[in-house]
Number of protein chains: 2
Amino acid sequence: MAHHDLQAVSQQCGDCPIRHRAVCSRCEADELARLEQIKYYRSYEAGQTVIWSGDRMDFVASVVTGIATLTQTMEDGRRQMVGLLLPSDFVGRPGRATAAYDVTATTDLVMCCFRKKPFEEMMQTTPHVAQRLLEMTLDELDAAREWMLLLGRKTAREKIASLLAIIARRDAALKPKSAKGGIVFDLPLTREEMADYLGLTLETVSRQISALKRDGVITLEGKRHVIVPDFDRLMEQTGDDSDGGYLN
Amino acid sequence: MAHHDLQAVSQQCGDCPIRHRAVCSRCEADELARLEQIKYYRSYEAGQTVIWSGDRMDFVASVVTGIATLTQTMEDGRRQMVGLLLPSDFVGRPGRATAAYDVTATTDLVMCCFRKKPFEEMMQTTPHVAQRLLEMTLDELDAAREWMLLLGRKTAREKIASLLAIIARRDAALKPKSAKGGIVFDLPLTREEMADYLGLTLETVSRQISALKRDGVITLEGKRHVIVPDFDRLMEQTGDDSDGGYLN
DNA sequence: CGCAAGGTTGAATCGAGTCAATACATGTGG
DNA sequence: CCACATGTATTGACTCGATTCAACCTTGCG
């Protein structure tokens with residue numbers, strides 16, 4: 001595989017791409033200076049495992065670029081994704097020695113890691129890190145509960161539509177606002193990963209994507225590139241309230 | 001209905017039954033005094049709705065006694081429980097004006113409510129409340145993720161067995177340790193509530209409970225009183241790892 | 001090229017849902 | 001006290017959506 005320039009990320013918190021959203025977003029200059037001292041970057045290639053559930057974990061981290069997943073696995077191999085980690089999301093739990101879930105890089109990934117011991121000390125002494133972490137954890141809890149509704153009560157078609165809507169919405173928020181012609185994005189997950197996320201099999205995922213395509217709700221270019229001509233039309237397929245009240 | 005003596009709960013934090021586990025558990029005497037000033041108790045009868053999703057919510061609260069549920073509902077009536085609130089659990093989100101979920105009392109319920117505005121101020125000024133709330137929220141997030149595995153990947157029988165195991169484990173932790181003869185407890189939920197919790201229909205819940213009874217995994221006395229003669233036997237039915245590593 | 005990984009599609013199966021009848025306990029009012 | 005309504009639970013018969021198993025397609029790469 002070609003040479004990866006993953007380390008080409010600023011080592012300076014000041015111009016870090018996730019500076020304003022991550023666990024450090026509330027920090028003052030002096031707090032940032034302390035964080036700089038205990039941080040280091042790590043890169044992973046797409047497909048690599050970051051940590052296995054049960055492994056000792058001597059750091060916590062923020063995703064800087066790329067996408068990672070949290071998954072749980074049963075003995076017989078059944079897998080359920082329980083978190084999708086995007087840039088600025090936090091990994092690890094202060095006060096816990098071992099990882100509770102498998103963490104895997106689904107794309108090339110850069111993480112900003114903090115040594116656990118000093119990070120925990122900072123949590124005690126400076127309020128801004130802990131405050132932000134609480135806020136982020138509450139957001140994650142809301143997302144998890146939204147996901148519980150999806151897993152417990154939605155049909156396969158609704159699950160797929162919901163996932164597409166979430167990815168589309170996130171992409172739309174980042175991009176400068178593409179043409180009205182429709183929302184366009186790339187799926188960051190394989191069919192199997194989508195299945196693990198949605199509590200389905202990969203065959204069902206494939207079938208339902210084909211069905212949405214057949215019904216004109218989406219268009220595909222290749223396997224991963226999705227065009228949503230009418231976002232409201234997609235939302236109708238999710239089973240959610242029309243106003244899509246994801247954020248308060 | 002007979003007169004309820006629900007207010008017969010100490011108004012003094014010092015001898016509150018959840019003093020050592022709730023959001024206030026880390027507080028010093030002076031902090032407790034501040035909390036006392038902004039707190040008030042509210043009682044609800046079994047079946048009553050505490051708050052509707054979307055309603056304005058001018059307090060946060062701890063469950064003192066009884067059990068409440070958090071549920072999400074889709075327009076067409078499909079319901080999914082997303083949280084089960086036991087004594088010491090926290091309700092509400094600082095920094096949010098409206099409730100995100102329906103909260104319902106499934107048993108008679110007493111809550112210790114804090115006026116939201118002053119509680120949020122305390123979160124800023126005293127670290128102990130925020131620290132404990134972060135810890136509790138992280139625990140809830142772990143529980144939610146455990147539940148996502150159940151909802152997404154377990155069979156109906158495994159779901160029922162898992163729920164029974166959770167209730168049994170919780171009860172065993174509270175009780176002085178009943179006879180080795182087996183664990184005994186009462187189901188705090190109706191069949192329908194169990195179904196909403198597990199992402200099933202109430203008929204399937206009923207059938208699977210009957211099946212577990214038929215197979216000798218549990219014994220029923222009446223509809224709600226459960227006897228588990230062999231806890232390991234029950235655990236085998238849950239699909240989880242044998243060592244049942246729920247707590248680190 | 002030829003293989004591997006990812007993806008699609010079909011046919012058969014099965015687990016859980018749906019609809020419906022019945023049981024059982026509790027409570028109410030005549 | 002009985003008749004009746006109500007809420008909760010059980011059970012059966014049938015249906016249907018998703019899984020399983022399998023074949024096949026597509027793409028990229030050593």
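Convention: sequence-line order gives letters A, B, ...; per-chain numbering from 1.
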Starting at [atom1] of [X] and ending at [atom2] of [N], how long is that distance when rounded to a whole Å?
{"X": "E221(B)", "N": "dA9(D)", "atom1": "CD", "atom2": "P", "value": "17 Å"}
{"X": "R153(B)", "N": "dA18(D)", "atom1": "CZ", "atom2": "P", "value": "13 Å"}
{"X": "K154(B)", "N": "dT19(D)", "atom1": "NZ", "atom2": "C1'", "value": "20 Å"}
{"X": "L151(B)", "N": "dA16(C)", "atom1": "CG", "atom2": "C1'", "value": "15 Å"}
{"X": "L200(B)", "N": "dT18(C)", "atom1": "CG", "atom2": "C1'", "value": "14 Å"}
{"X": "Q208(B)", "N": "dG12(D)", "atom1": "CD", "atom2": "P", "value": "14 Å"}
{"X": "D76(A)", "N": "dT20(D)", "atom1": "CG", "atom2": "P", "value": "10 Å"}
{"X": "D186(B)", "N": "dA9(D)", "atom1": "CG", "atom2": "C1'", "value": "16 Å"}

Mind jotting down which residue pairs meet the ring-ring contact (aromatic ring centres under 6.0 Å, His included) criterion with at least one end in [range]? Sequence neighbours excluded, please.
{"range": "residues 196-225 of chain A", "answer": "W147(A)-Y197(A)"}
{"range": "residues 64-93 of chain B", "answer": "F90(B)-F119(B)"}
{"range": "residues 153-174 of chain A", "answer": "none"}
{"range": "residues 48-81 of chain A", "answer": "none"}

Which salt bridge (charged side-chain N to carboxylate O under 4.0 Å, His left out) pairs, counting each pair once, include a residue from residues 52-72 of chain B, with sequence neighbours left out? none
Going by side-chain hydrogen bond (donor to acceptor under 3.5 Å, both in side chains), S162(B) matches just one of E146(B), K154(B), Q237(B), R157(B). Which one? K154(B)
Within the 4.0 Å heavy-atom criterion, would you say G47(B) contacts the bases, only the backbone, or no part of the nucleic acid?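 No contact at all - G47(B) keeps every heavy atom at 4.0 Å or more from the nucleic acid.
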Among dG17(C), dT20(D), dA18(D), which nucleotide has an atom closest to any side-chain atom of T155(A)?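 Nearest to the side-chain atoms of T155(A), counting from C-beta on, is dA18(D).
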For a quick check, with a 4.0 angstrom heavy-atom cut-off, what is the B/S/- contact string for nucleotides 5-12 of chain C, read 5' to 3'? --SBBBB-
